Amino acid sequence: MIDLPLLAVLTGKVAPFGPDGRSSAIHKTPVDGPRAVGSEGFLDDEQADRRVHGGPDKAIHHYPLDHHAAWRAELGEAAPWLGTPGAFGENLSTLGVTEADVCLGDRFRVGTTVLEVAQARQPCWKLNHRFAVPDMAKRVQSSARTGWYYRVLESGMIGPGDRLTLLDRPCPGWPLARLLRVLYVDTLDRAALADMAALPALAQSWKTLAERRLARGAVEDWTGRLTGG
């Protein structure tokens, strides 16, 4: 049973980011009280590139503070964001639950909202600039320490100190760690891809990805997402 407090709730605004004039809202800062949540997340939160960020299946991003110790061991003192909620651009920060513990489709009561796990995060090049580590996005992907996204089933309010309480687990055989393995390790496991594509709670973009791999017998190119090129 998952029932633990939120360490921080964070939102951010679009601002210039990176060396080439692009913008991002990856810099999230903690709020000091409850914030309104609608179908696409916190009403005072923003995303710069709505083609790949935000939307109903990526309404709220959750990243476990549990992973920071492993990142500190790997990166040393070169990453000043580590140890602080918001380092990975997340909206919710907790201790005590990771991708091994959370399943696709898990439904949580958080504050006065109900959230459903829709997908894990597919890290992008912005993490490279955020951490000043050229291959940070690739490291996040390879480590499976990605965090995850919720869709909003019931709008309401979420604030720091509210509890993350598991209400229902319709897909107990699909922890996010398994989903990430199919996505990035066993990339052409046809049986797993077929099962993945049939999961009702899975974000449509991930269903389409699984269906394309099955149809083409090939894995999509990750270069642009991981490097920004």
Side-chain angles (χ1 to χ4, degrees), residues 1-12 25-26 28-45 47 53-71 81-123 140 143-180 199-203 206:
M1 175 65 175
I2 299 172
D3 183 21
L4 46 82
L6 300 179
L7 297 180
V9 175
L10 309 101
T11 62
I26 195 171
K28 310 291 187 187
T29 56
V31 302
D32 57 5
R35 293 294 189 272
V37 175
S39 62
E40 296 197 7
F42 288 96
L43 301 189
D44 58 349
D45 193 39
Q47 299 85 31
H53 296 115
D57 285 338
K58 298 182 187 176
I60 292 177
H61 179 222
H62 186 155
Y63 196 84
L65 201 66
D66 307 65
H67 293 325
H68 284 226
W71 286 122
W81 302 111
L82 290 177
T84 304
F88 289 82
E90 69 270 23
N91 300 114
L92 303 181
S93 178
T94 56
L95 269 173
V97 65
T98 73
E99 296 81 359
D101 309 301
V102 172
C103 294
L104 180 74
D106 277 2
R107 295 179 180 178
F108 292 94
R109 171 71 66 185
V110 191
T112 61
T113 72
V114 175
L115 308 180
E116 181 179 70
V117 178
Q119 64 178 82
R121 181 185 189 167
Q122 285 190 285
V140 171
S143 71
R145 299 191 293 262
T146 63
W148 56 89
Y149 286 104
Y150 299 106
R151 61 173 62 92
V152 179
L153 299 184
E154 294 181 16
S155 300
M157 306 287 288
I158 297 177
D162 286 345
R163 300 193 72 80
L164 179 83
T165 303
L166 182 64
L167 300 177
D168 190 25
R169 173 161 285 175
C171 304
W174 280 93
L176 293 179
R178 179 186 179 193
L179 196 65
L180 289 162
L199 291 168
L202 187 64
W206 281 36

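Side chains are part of it too, since the values below use all heavy atoms of this structure and drop only hydrogens, waters and symmetry mates. What you are looking at is a predicted structure, and each value in this text was computed from that prediction instead of being measured.
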Do you know which two heavy atoms are closest between Pro85 and Gly83, and how far apart they sit?
-> CD-O, 4.2 Å

List in chain and number order the residues that pass side chain to side chain donor-acceptor pair (under 3.5 Å) with Arg178, two or more places apart in sequence or in another chain; answer none if no residue qualifies.
-> none

Report yes or no: does Arg107 contribute a side-chain atom to a donor-acceptor pair with the main-chain N or O of Leu167 at less than 3.5 Å?
-> no

Non-neighbouring partners of Phe42 that pass ring pair (Phe, Tyr, Trp, His ring centres under 6.0 Å), sequence neighbours left out = none

Minimum heavy-atom distance Pro160-Val31, with the two atoms named | CG-O, 3.6 Å

Heavy-atom side-chain contact between Leu180 and Glu99 under 4.5 Å | yes

Over-ring placement of Arg145 relative to Trp71, 6.0 Å and 45° cut-offs | yes

Mind checking the CG-SG spacing from Asp168 to Cys103? Nearest 0.5 Å is all I need.
-> 11.0 Å

Identified side chain to side chain contact (heavy atoms under 4.5 Å, CB included) counterpart of Thr146 within the set Gln119, Arg121, His67 | Arg121

Fit a plane to each ring of His61 and Tyr149, take the angle between them on a 0 to 90° scale, and name the class: parallel (under 30°), tilted (30 to 60°) or perpendicular (over 60°).
-> tilted

Separation between CG (Asp162) and OG1 (Thr113), nearest 0.5 Å, reads 8.5 Å

First locate atom CH2 of Trp174, then atom CG of Asp106, and finally report the distance between them rounded to the nearest 0.5 Å.
-> 14.0 Å

Please report the C-alpha distance between Trp148 and Lys58 in whole Å, then the side-chain angles of each, then the deciding distance to 0.1 Å, and finally whether the side chain to side chain contact (heavy atoms under 4.5 Å, CB included) criterion is met.
-> CA-CA 9 Å; Trp148 56 89; Lys58 298 182 187 176; over 6 Å; no

Residue pair Pro175 / Ala100: nearest heavy atoms and the distance that separates them = CB-O, 4.0 Å

Under the 3.5 angstrom rule, does the side chain of Arg35 hit a backbone N or O of Gly33 as a donor-acceptor pair?
-> yes

Between Glu154 and Arg109, is there a salt bridge with N-O shorter than 4.0 Å?
-> yes

Sub-4.5 Å side-chain heavy-atom contact between Leu4 and Met1 | no

Residue of the set Thr165, Ile2, Val114 for which side chain to side chain contact (heavy atoms under 4.5 Å, CB included) holds with Phe108 | Ile2

Would you check if there is a donor-acceptor pair between the side chains of Thr98 and Asp66 at a distance under 3.5 Å?
-> no

Give, for atom CG of Leu164 and atom OG of Ser93, the distance between the pair rounded to the nearest 0.5 Å.
-> 11.5 Å

Taking every heavy atom of Ala201 against every heavy atom of Gly105, the minimum-distance pair comes out as CB-CA, 3.6 Å

Check step by step if side chain to side chain contact (heavy atoms under 4.5 Å, CB included) holds for Leu115 and Ile158.
-> CA-CA 11 Å; Leu115 308 180; Ile158 297 177; 4.2 Å; yes

Going from CG on Leu92 to CG on Leu10, what distance comes out if it is rounded to the nearest 0.5 angstrom?
-> 8.0 Å

Do the rings of Tyr150 and His62 sit parallel, tilted or perpendicular, given the 30° and 60° boundaries?
-> tilted

On a heavy-atom basis, the closest approach of Thr94 and Val97 is OG1-CG1, 3.7 Å

Taking every heavy atom of Ala87 against every heavy atom of His68, the minimum-distance pair comes out as CB-CE1, 3.7 Å

Do Pro56 and Ser39 come within less than 4.5 Å of each other through their side chains, counting heavy atoms only?
-> no

Please round to the nearest 0.5 Å and tell me the distance separating atom CD of Glu90 and atom NZ of Lys28.
-> 9.5 Å

